[in-house]
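Computed from heavy atoms alone, side chains included, the values below leave out hydrogens, waters and symmetry copies.
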Amino acid sequence: MGLHDGREEIVKRQLVLFFIVDTSGSMMGKKITTVNEAIRNVLPELPKAAGADIDLKIACLKFSSGCEWMYPTPVAAESFSWQELQADGVTDLGAACEELSNKLSRNEFLTAPSGSVAPVLFLMSDGEPTDNYKNGLEKLKNNNWYKFAIKVALAVGNDANTDVLRDFTDGEDNERKAVITAHNSESLKKWIQKVSITSAMIGSKSMPTTNGQPPSKQDQMIDQIKDIEQSDADLQQTPNSADDW
């Protein structure tokens with residue numbers, strides 16, 4: 001008999017964490033350097049955050065003048081090798097939204113035979129879209145995977161259009177927002193780490209039902225963002241440092 005005869009193989013569900021990163025010219029310098037450092041450093045922590053029953057995979061979509069995937073398919077978190085992002089060009093957020101919608105499909109990036117849980121969409125941007133982003137975003141919002149995804153947007157600096165970022169997260173109520181602002185390098189590093197780890201934890205879990213309905217993972221994420229912000233003075237939503245962007 002073989003080693004696995006008579007044993008049931010554990011079937012892992014797949015969770016894909018998407019990093020959607022603005023690499024336009026305004027991100028050049030300290031901003032893109034910090035993004036590269038922060039994501040590279042947090043990657044080893046993500047499999048543990050997701051847990052042993054989840055097949056966690058990472059995908060990165062960079063956008064500036066057009067958009068491009070770092071790898072052609074999602075890569076297992078344990079073996080994901082981060083490639084240095086360079087900043088240049090304009091901010092084609094609409095193109096990125098349309099491309100993301102194309103890949104949020106069982107025929108594309110969510111092909112796990114055992115099934116995929118709702119993905120995590122983590123957008124980072126520091127400015128204003130330069131294309132007709134509403135067309136691409138409208139297509140994305142019609143995608144059923146998007147509707148159930150955990151969606152967080154990180155404004156890199158004080159000039160980012162937070163209304164656009166809120167639109168990406170499908171948020172309307174300012175008190176229930178999934179848009180956060182990093183005013184300097186230190187807060188940017190902390191937010192990338194905390195959002196990545198927390199979203200992997202929430203995204204991987206089955207939610208208990210309340211009154212016959214499971215609570216929204218998006219709501220769970222928003223609650224955690226508020227708790228994180230309140231517990232860390234460096235992550236307050238108001239500028240407080242001479243190093244602010």
Exercise. Tell me, please, whether Tyr146 has Lys151 positioned over its six-membered ring: NZ or CZ under 6.0 Å from the ring centre and within 45 degrees of its axis?
Key: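 Because its charged atom sits under 6.0 Å from the ring centre and within 45° of the axis, Lys151 does stack over Tyr146.
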Counting only heavy atoms from other residues, nucleotides and ligands, does the tally under 6.0 Å from [atom1] of [X] exceed 12?
X	atom1	answer
Lys134	NZ	no
Lys147	NZ	yes
Asp159	CG	no

Exercise. Mind running side-chain contact (heavy atoms from CB on, under 4.5 Å) on Glu37 and Trp82 for me, showing each step along the way?
Key: CA-CA 9 Å; Glu37 177 186 353; Trp82 186 257; over 6 Å; no
Are the side chain of [X] and the backbone N or O of [Y] linked by a donor-acceptor pair below 3.5 Å?
X	Y	value
Asp55	Lys12	no
Lys141	Asp167	yes
Asp92	Gly66	yes
Asn143	Lys139	no
Ser24	Thr91	no
Ser216	Gln218	yes
Lys217	Ala149	no

Just so I know, are the side chains of [X] and [Y] near enough to count as touching, which here means a heavy-atom distance under 4.5 Å?
X	Y	answer
Leu46	Ser196	yes
Met221	Val120	no
Met27	Leu85	no
Leu123	Leu93	yes
Ser199	Val152	no
Leu110	Leu104	yes
Cys97	Phe63	no
Asp53	Arg13	no

Quiz prompt | Same cluster (ILVMFWY, side-chain, under 4.5 Å), Ile32 and Val90 | solution =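 No, Ile32 does not connect to Val90 through the hydrophobic network.
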So, taking the atom named [atom1] in [X] and the one named [atom2] in [Y], what distance separates them when rounded to the nearest 0.5 Å?
X	Y	atom1	atom2	answer
Glu78	Lys57	CD	NZ	10.0 Å
Ser64	Gln86	OG	CD	11.0 Å
Ser65	Asp88	OG	CG	7.0 Å
Leu43	Ser79	CG	OG	10.5 Å
Asp126	Met28	CG	CE	11.0 Å
Thr73	Lys103	OG1	NZ	9.5 Å

Quiz item: Cut-off 3.5 Å, side chains only: do Thr33 and Asn36 have a donor facing an acceptor?
Solution: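 The answer is no; no qualifying pair exists.
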Please report the shortest heavy-atom distance between [X] and [Y], naming the atom on each side.
X	Y	result
Glu108	Asn102	CG-O, 3.4 Å
Arg106	Ser116	NH1-N, 4.3 Å
Leu165	Ala160	CD1-CB, 4.4 Å
Glu45	Asn41	OE2-O, 3.9 Å
Ala155	Thr162	CB-CG2, 4.1 Å
Leu15	Ala200	CD2-O, 3.8 Å

Quiz prompt | Candidate list Ile180, Ile228, Leu154, test side chain to side chain contact (heavy atoms under 4.5 Å, CB included), partner Val195, passing option | solution =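 The side chain to side chain contact (heavy atoms under 4.5 Å, CB included) with Val195 is passed solely by Ile180 among Ile180, Ile228, Leu154.
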Quiz item: Does the gap between the ring centers of Trp145 and Phe109 come in under 6.0 Å?
Solution: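 Ring centres of Phe109 and Trp145 not closer than 6.0 Å.
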Exercise. Please check if the distance between the ring centroids of Phe80 and Tyr71 is under 6.0 Å.
Key: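 Ring-ring flag for Phe80/Tyr71: true, centres closer than 6.0 Å.
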Quiz item: Would you call Lys31 and Asp22 a salt bridge, using N to O less than 4.0 angstrom?
Solution: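 No, no charged N to carboxylate O under 4.0 Å.
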Self-check item: Residues Lys226 and Asp223 bridged, charged N to O under 4.0 Å
Solution: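 Judged by the 4.0 Å cut-off on N to carboxylate O distance, Lys226 and Asp223 do not form a salt bridge.
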Practice problem: Go through Tyr133 and Leu140 one step at a time and tell me if the side-chain contact (heavy atoms from CB on, under 4.5 Å) criterion holds. | Solution: CA-CA 11 Å; Tyr133 82 93; Leu140 179 60; over 6 Å; no
